[in-house]
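What you see is a predicted model, and the numbers here were worked out from it, not measured in a lab. Values below: every heavy atom of this structure, side chains too, minus hydrogens, waters and symmetry copies. Here is the naming used below: chain letters follow the sequence lines, and residue numbers restart at 1 for every chain.
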Amino acid sequence: MNYSKSVTNMEKNFFSKADPFQKSSKYESKSRMVLPPPNITGKLHIGHALNAFVQDLKVRYERSFNNNKISWIPGTDHAGIATQIMVEKLLLESNIKKEDLGREKFLEKVWEWKEKYQDNIYDQLKKLGLELDWDQAKFTMDEDVQEAVSEAFCKFYKSGLIFKDNRIVHWDTKMQTAISDLEVRNEEVTGYMYYIKYYFENSLSEDSPKNTTEEPISENFVTVATTRPETMFGDKAIAVNPNDERYKNLIGRSAYIPMTDIKIPIISDERCDMEKGSGAVKITPAHDFLDFEIGKDHDLEVQNIIDKYGKLSGDSVPKSLQNIDRLEARKKIIKELKDKELLVKEEKIKHIIPHGDRSGSILEPMATKQWFLDMDSMASEAKEDIQNIAVFPQNYIKIFNHWMNNIQPWCISRQIWWGHQIPVWYFDDNHIYDLEKYNSYKKHGTNYLTSDYGQINKDNEQFSKNANLNHEFLNQVNFEKRFIVAKDIESARKIAKDIGIKNDSLTQETDVLDTWFSSALWPLVNSKEINSIFTNSLNQELNQKSTQELSKGLDPKNEEYPNECIITGSDILFFWVARMIMFCKFFSKKIPFKQIYLHGLVQDSFGKKMSKSKNNAMDPLDIIAEEGIDVLRYALLSSSVPGKNVKFGKQNIEKSRHFCIKIWNVFKFIKSNCSELFDVNIHTPENMEDNLKSGESSQTHDSQEIKKQNIPQEESSYNLPENLHPWNSFIVLKISDIRKTILDFISEWKIHEASNEIYKLIWEDFCSLYIEGCKSMLNSEHSMETKIVITESFKELIRILNPFMPVLSTEIFSLMENINPQTKAYNSNLTNKPCNTSCSFDSILDSILKKKSQKENQENETLIKSKTLDYIKEITEITDSIRYCKGVLGIENSIIYHVNIKQDHVGENIIQGSKSHLESNVEKDEVFYNIIEKLSGFKIHPSKEPKNDMTPYPLQQGVLYINFLDKDLNKLKNKIKKEKEKSYQDLSDAERKIENKQFIENAPTEIKEEIKERIAKLKQIVDNFDKVELMWSK
RNA sequence: GAGUGUAUAGCUCAGCGGUAGAGCACCACAUUGACAUUGUGGGGGUCACAGGUUCAAAUCCUGUUAUACUCACCA
């Protein structure tokens, strides 16, 4: 059964059967991690898949290799604006506008949508095969989250961080809401700069400028440049730079707004750029950020002339333009200005204009009343906090700090319906029932507070002494703006009653909070500490005392919070990660997570962002349907470098698919070649016996081991020899080495490096080298030993592979997990204790390194390792050389070629080397030659003297003699010549280095040793090259 | 304009002080072997450019030039 055909079944097993890797349920530690909650707007995209796979890898890695069980919490985000857009669109299909339904009915529809799409998202997440803790799934508008969000708002307000103000914000005319700076997408577009004449007051005749037919002269007007002429009806001044010689005389004069008889002053301001436009700029405080600031300083009126739909309105707008969309109006205005010769010129320019991230419509800066959260204090704290978080990649700390340094108050109110409604209740003067009481509170309340922001003025002792008034809640009431901040209507009513207001008059703020406001609390609301932080504190003042109480609520041993880590896309560092740090720290006094891992975005193979409109989006579930989970998963993991975008295309998928197939095939090989071990996993004794018998008959040779197995008192146990054959020790040592490398890479979040290491380990070391060589081992006296090492090594590989390919690894592991040949490890001799536990990879490793024996030390370990590696090196050097010749000369396998290894030089070395490894186990190491034969396809004859018809070929430590039959050797000779030259070059380079005094003085000893070794090797090589060339020339 | 990256093989990218790497593509050879969704070998690189630090630089620093992203910029 090939891989592609097996995938479906494998995945079925994966989802329906217990995870064999999860058998041990005892973990040293338990911790928590939250899934960045996907929006309930639609489908998962490939970026979600990458994000989820990285997290799932972390969970599996921590569980299997760190004894740390991470509870990974799924959830979904209500995504205010985005979802509202979708639902509105849906309703429009049946010709229903949200206004027709009204807020309540509309919200019902959204909740219906939520149910449906949350299920969708969860279904899709489940199809990715993730180890999520589904019992704890949460939605950002769940009741407890709503409470926490209200509470958070109140607390922010009481500590003076939230305020309501009339400020200029980015306004989305399509959604009719304000949005935050981060939700603005700047796009470069081609537009026009219009140069418009503003006539001076005293240059005019009695007639208004619109009637002028005279040729305009510069003494009569000033030219103002703008890209948005439609805003001119909101102009309150013309500003020039005080240092601008051209306009110095104009300061203090007035000019008329074209098409109107409105007169505005000409003022001077340093922020006015002399280089830009004409140097004179129209100031429209209501519709431009800088103008708003300038207007504030010059006491200019803020007059909105664009309504919330983007249509022109207001007294100063000419009748013909009233209620016309601003962009439409622009065209009309330009036409009229042209007609009236008020337009000096229009200039085609490229400029960047802000668009709504969600709606895509051109945003209008608009002065509106909004709720803001002051970020300054939290931001400066966050800059400290980020130092205590392990951030991967680290350079994002710089970016983080840069953003924090330039932070502005966050506009948190949205004029939409779907979201957390702001917990603020308004009252009006008509509803005061106890005026005396009200005024008394008002008086003291105003004194009590520094401003209308809610912050307590602690210096005001006078008020706190007044025992007749309940001042606890005073920082929740704003008497000037007539609102009460309270977590719910009951609390608001209570306060209202206290200050003499009829409580049935309260109306809640209709605005909702920015979606990211609730997201910022996500790690907190997903811990069980949510209650101790967000309840029963409404009537407490937020002071040191209650702060202490808050932090008391958090058990320091709490395994849930702070979270283990947060894994998310680098694009939402500011949107989400930064805000979580600030919010969670503010409320819990603790940094919400220990580590941050930021991955890049998944782009198409050309580096373009994937999107539906470009038709280059890849649906992860399509890929899964076609290729399987693991192929997608490994493809994403292996090509994801921390913080860098992934160019993702066919190639990534293909490499991954080939890898899966390779693993599946080698498993098939192992299964068929180590069949008797596999059969052991059928537990019934009768079966076992049968299987052992069949195992025996399937063996072509009558090996001792099999006989041993059949001895009843041994209960089919097999004694692993004291000294494993070096070919077998080699793979165990190799896996153990690379395992460490891989685990280190994962813990440093170098997942792409780890992926690459497991790839090389399985494909090159295990399949191409070890298993190929084992094909001869399996027919040797080492057969049983080899089978055990093959299966145990492979099981270990599969265990390491599990975080990368859970489906394939689970399938293979569950088919292999019961292969536990009852083996007595050799060390039972030493400890005198029968070691009849299953023979695990690590016990084999220990036995190779003779770990159980206390006499042994580190030195011995490295000696064993290096001896084993020498053996392998000798084999690979010979096979590589033969393969090289074969490749260069184009030799066919069907003809048997011979190789002589000259024993008086190379061979002896090798045989001695191998003997010492094999110690008493093997008398003569035929295996050595068999492996070379298997790997190279050449027949090997060890002998003292080569035959005359053989061609010498240089090795590092000697000479190979190869019978090339009648092949033309010129190609090879030329190659060797080149190789020789290169070796000479390398040698002289290395020698020059070692002769350099400064190098000797400064270089570290390891490097010096390395170079010395290299020189020794190169000398041998060069020497052999010379000898061989001499022989060839004969 | 400010910040942050990136420039390495034909393509997509790793490596980031001590002999230039992978996958794909290319060329040659092998042939049903666990694996044609294969194996083996090969060709192919002044590591953008210019300086500097260092015994040693693709790697660190400075500058230049491309290029990408983020933030600010609608006169």
Side-chain angles (χ1 to χ4, degrees), chain A residues 2-4 181-182 186 189 191 193-195 224-228 231 238-239 272-273 276-284 287-291 349 351-354 362-365 393 395-396 398-399 402-403 405-406 570-571 573-574 601 605 607 638-639 641 643-652 654-655 657-673 750 752-753 756 759-760 767-768 771-772 775 880 883-894 935-937 975 986 989-990 993 996-1004 1006-1008 1010-1011 1014 1018:
Chain A
N2 70 25
Y3 175 76
S4 306
D181 301 346
L182 277 179
N186 288 313
V189 295
M193 179 86 86
Y194 303 100
Y195 289 76
V224 166
T226 181
T227 55
R228 290 187 303 158
T231 61
I238 292 169
C272 180
D273 190 336
K276 271 189 184 173
S278 64
V281 59
K282 61 198 258 326
I283 301 297
T284 322
H287 296 296
D288 185 278
F289 284 88
L290 183 62
D291 292 3
I349 54 157
H351 61 155
I352 290 163
I353 59 170
I362 294 174
L363 299 174
E364 293 299 326
N395 63 303
Y396 274 87
K398 276 190 200 167
I399 299 169
H402 183 251
W403 187 69
N405 287 334
N406 298 299
S570 54
D571 55 328
L573 176 68
F574 304 140
L601 307 175
S605 48
S638 64
S639 45
V641 179
K644 276 195 181 178
N645 294 347
V646 190
K647 276 184 202 161
F648 195 76
K650 258 188 185 171
Q651 275 198 15
N652 309 63
E654 269 168 17
K655 183 184 175 183
R657 189 205 300 132
H658 290 173
F659 190 31
C660 291
I661 291 167
K662 188 75 184 175
I663 296 164
W664 183 242
N665 280 327
V666 75
F667 169 66
K668 283 196 318 199
F669 172 84
I670 292 168
K671 201 177 167 209
S672 62
N673 280 278
K750 292 179 181 170
H752 63 296
E753 302 252 38
N756 196 33
Y759 183 92
K760 284 193 298 186
C767 293
S768 295
I771 290 288
E772 281 307 311
K775 285 175 182 170
D880 285 352
R883 282 170 167 182
Y884 180 80
C885 296
K886 204 173 140 184
V888 170
L889 296 174
I891 287 169
E892 310 85 37
N893 265 1
S894 51
L935 292 178
S936 68
K975 285 270 183 191
D986 289 349
D989 285 353
K993 213 168 191 179
N996 186 337
K997 266 184 196 169
Q998 278 164 315
F999 175 79
I1000 297 295
E1001 280 163 24
N1002 294 310
E1006 306 145 37
I1007 300 298
K1008 280 187 272 189
E1010 223 178 277
I1011 293 209
R1014 197 157 79 223
L1018 282 168

Counting any heavy atom closer than 4.0 Å, what does [X] reach on the DNA or RNA strands: base, sugar-phosphate only, or nothing?
X	result
A:Cys272	base
A:Val666	base
A:Asp288	sugar-phosphate
A:Lys282	nothing
A:Arg228	base

- Presence of A:Arg1014 side-chain N/O under 4.0 Å of B:U19 phosphate oxygens OP1/OP2: yes
- Query: Distance under 6.0 Å and angle within 45° of the ring axis: does A:Lys775 meet both against A:Phe669?
  - Reply: yes
- Query: Across all strands shown, which nucleotide pairs with B:C69 by Watson-Crick or G-U wobble geometry, both distances under 3.5 Å?
  - Reply: B:G3
Distance in angstrom units between [X] [atom1] and [N] [atom2], rounded:
X	N	atom1	atom2	result
A:Glu772	B:U40	CD	P	8 Å
A:Ile352	B:C69	CD1	P	12 Å
A:Leu363	B:C74	CG	P	13 Å
A:Lys668	B:C35	NZ	P	6 Å
A:Tyr396	B:G5	OH	C1'	8 Å
A:Glu654	B:A36	CD	P	16 Å
A:Leu573	B:U4	CG	P	14 Å
A:Lys997	B:U54	NZ	C1'	19 Å

- Message: Quick check: any donor-acceptor pair below 3.5 Å linking the side-chain of A:Glu753 to the base of B:A22?
- Response: no
- Looking only at N and O atoms, is any donor in the side chain of A:Lys655 or the base of B:C24 less than 3.5 Å from an acceptor on the other one? no
- Item | N-glycosidic conformation, B:U8 - syn within 90 degrees of 0, else anti | anti
- First locate atom NZ of A:Lys993, then atom CZ of A:Arg1014, and finally report the distance between them rounded to the nearest 0.5 Å. 6.0 Å
- Pairwise distance CG(A:Asp291) to NZ(A:Lys282) - rounded to 0.5 angstrom: 7.0 Å
- Message: Any side-chain to backbone donor/acceptor pair from A:His287 onto A:Pro365? Under 3.5 Å, distance only.
- Response: yes
- Relative to the ring of A:Phe574, is the ring of A:Trp403 parallel (under 30°), tilted (30 to 60°) or perpendicular (over 60°)? parallel
- Out of B:A75, B:G15, B:C24, which nucleotide sits closest to the side chain of A:His658? B:C24
